[in-house]
Amino acid sequence: MQFLTPGEQSRIKGRPYRLAIILAIIFVILIAPEIQNGNNMDPTIRDGQVVLGYKFVHYSAKRTAPERDTLVILDKDISLEAGAEDNIIARVIAVPGDTVEIAGGKVLVNGKEYVTRNDLSGAKGKFKKKKLKGNQVFVLSDNRSSGKFEKYDSRNPELGTVDMRKIRAKIIVRIWPLKEISLMGEK
């Protein structure tokens, strides 16, 4: 039987705390928790639900663009400029090189009607046909049947097409409410 000295005992007792601190630091660096504030992303993410985003996304024309249908959290500075009180959660609809237009209640990407993987289509309002360049992406909220949520997406002239370098995180999972935990980001 081996006995531990008091110094060895305190080192062993301190290990779980060190591990917890290291995990907390990694979590803060890599993960962006966000509470959905409002109904602009209904039915995908409802008011009060909590999602986690992966912060280590570095989108740019020189690196990589987000895929169409990706859910993202935009930087607070552009969200505030657009008139939102908090970060905007939105869906990437079009990426650099795409042509996007909203007309007649339809969202057209490269001339074809855009439908999300969870069968959301159409949008109120209009957006003049535009070819996205360089670092531009076009984002829409999922609750597009009402014009009142236009301020949360690219239909809002104050927001317009978004510089993809202003994407804060890619949403990966819904964690609250617990009964609705689900992966959000992958096809």
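- Looking only at distances, no side-chain donor or acceptor of E180 sits under 3.5 Å from a matching main-chain atom of P177.
- Closest approach of Y114 and I93 over heavy atoms only: CE2-CD1, 3.3 Å.
- The shortest heavy-atom contact between V95 and V92 is CG1-CG1, 3.9 Å.
- Here the CG atom belonging to L183 is positioned 12.5 Å from the CD1 atom belonging to I171, to the nearest 0.5 angstrom.
- In this structure, NZ on K124 lies 10.0 Å from CZ on R155, to the nearest 0.5 angstrom.
- Proximity of F138 to K130: side-chain heavy atoms (C-beta onward) are nowhere separated by under 4.5 Å.
- Put simply, the side chain of V173 does not reach to within 4.5 Å of the side chain of S182, judged on heavy atoms.
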Checklist entry - So D142 and T44, side chain to side chain donor-acceptor pair (under 3.5 Å) or not? Walk me through it. => result CA-CA 7 Å; D142 281 358; T44 308; 2.4 Å; yes
Item to check | From CA spacing to verdict: side chain to side chain donor-acceptor pair (under 3.5 Å), E34, N87 | outcome: CA-CA 8 Å; E34 189 69 37; N87 295 327; 3.0 Å; yes
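- Considering CZ of R91 and CZ of R117, their distance stands at 6.0 Å, rounded to 0.5 Å.
- Remark: L140 CG to N156 CG distance equals 11.5 Å, nearest 0.5 Å.
- A salt bridge does not link D98 with K131: none of the charged nitrogens is closer than 4.0 Å to a carboxylate oxygen.
- Classification of D75 and R168 as a salt-bridged pair fails, no side-chain N sitting under 4.0 Å from a carboxylate O.
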Item to check | Test side chain to side chain contact (heavy atoms under 4.5 Å, CB included) applied to F127 and D153, step by step | outcome: CA-CA 11 Å; F127 186 84; D153 59 40; over 6 Å; no
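- Side-chain contact between M41 and L71 is present, with at least one heavy-atom pair separated by less than 4.5 Å.
- Nearest heavy-atom pair across I167 and L74 is CG1-CD2, 4.1 Å.
- A continuous path of Ile, Leu, Val, Met, Phe, Trp and Tyr side chains, each step under 4.5 Å between heavy atoms, connects Y54 with M164, placing both in one hydrophobic cluster.
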Listed pairs under 3.5 Å, donor-acceptor, residues 21-32 side chains, sequence neighbours left out:
none

Contacts under 3.5 angstrom, residues 99-106 side chains, donor-acceptor by atom type, not counting sequence neighbours:
none

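- Here the closest heavy-atom approach between residue I45 and residue R174 is recorded as CA-NH1, 4.1 Å.
- Residues V115 and V107 are members of separate hydrophobic clusters, defined by side-chain heavy-atom contacts under 4.5 angstrom among Ile, Leu, Val, Met, Phe, Trp and Tyr.
- Residue M184 holds its CE atom at 12.5 Å from NZ of K170, rounded to the nearest 0.5 Å.
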Checklist entry - Where do Q36 and I89 land on the side chain to side chain contact (heavy atoms under 4.5 Å, CB included) test, with the steps shown first? => result CA-CA 7 Å; Q36 173 61 21; I89 296 175; 3.2 Å; yes
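- The hydrophobic cluster containing L159 does not contain V109, counting ILVMFWY residues as joined when their side-chain heavy atoms lie under 4.5 angstrom apart, directly or transitively.
- Rounding to the nearest 0.5 angstrom, the gap separating the CG atom in N135 from the CG atom in D163 is 5.0 Å.
- Under a 3.5 Å cut-off, the side chain of S154 and the backbone N or O of V139 do form a donor-acceptor pair.
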